[in-house]
Amino acid sequence: MKDILDPALNGNGSIEMYRGWAHPDIHFDQKPALLDNWSDDDIEMYCGKRSAA
């Protein structure tokens, strides 16, 4: 079984994003997994419409 740090996964879609979430100290160039970092389209697709603040 492979983990997210396995080099065999390099170049596989969004693996760098997941590595950044799991190991921010060594993959510091990735944004944290916060909804504020998501586009409005992604929030609507995965979470539903965001209510007006």
Side-chain angles (χ1 to χ4, degrees):
M1 188 160 119
K2 294 179 171 79
D3 68 18
I4 63 170
L5 296 177
D6 192 311
L9 297 175
N10 289 348
N12 183 348
S14 299
I15 194 66
E16 290 302 317
M17 176 184 65
Y18 293 114
R19 288 174 177 163
W21 293 355
H23 300 282
D25 52 329
I26 58 175
H27 295 279
F28 51 85
D29 56 331
Q30 297 296 317
K31 291 182 178 180
L34 302 172
L35 288 178
D36 288 340
N37 292 332
W38 290 25
S39 71
D40 288 339
D41 290 339
D42 284 345
I43 291 173
E44 184 174 344
M45 182 184 311
Y46 296 108
C47 304
K49 287 198 177 244
R50 188 189 292 211
S51 60

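Quick note: numbers below take in every heavy atom, side chains included, and nothing from hydrogens, waters or symmetry partners.
Hydrophobic cluster membership of Leu34, counting Ile, Leu, Val, Met, Phe, Trp and Tyr whose side-chain heavy atoms lie under 4.5 Å apart directly or via other members: none, as it forms a cluster of its own.
For Phe28, there are no side chain to side chain contact (heavy atoms under 4.5 Å, CB included) partners two or more places apart in sequence or in a different chain.
With rounding to the nearest 0.5 Å, the separation of CD1 in Ile43 from CG in Asp36 is 7.5 Å.
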Anything under 3.5 Å between a donor and an acceptor, one on a side chain of residues 14-26, the other on a protein residue two or more places apart or in another chain? List them.
unit_1, atom_1, unit_2, atom_2, d
Glu16, OE1, His27, ND1, 3.4
Glu16, OE2, Arg19, NH1, 2.7
Arg19, NE, Ile4, O, 2.4
Arg19, NH1, Asn10, OD1, 2.8
Arg19, NH2, Ile4, O, 3.1
Arg19, NH2, Asp6, O, 3.0
Arg19, NH2, Asn10, OD1, 3.0
Trp21, NE1, Lys31, O, 3.4

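Of all the heavy atoms in Asn37 and Pro32, the pair that sits closest is ND2-O, 2.9 Å.
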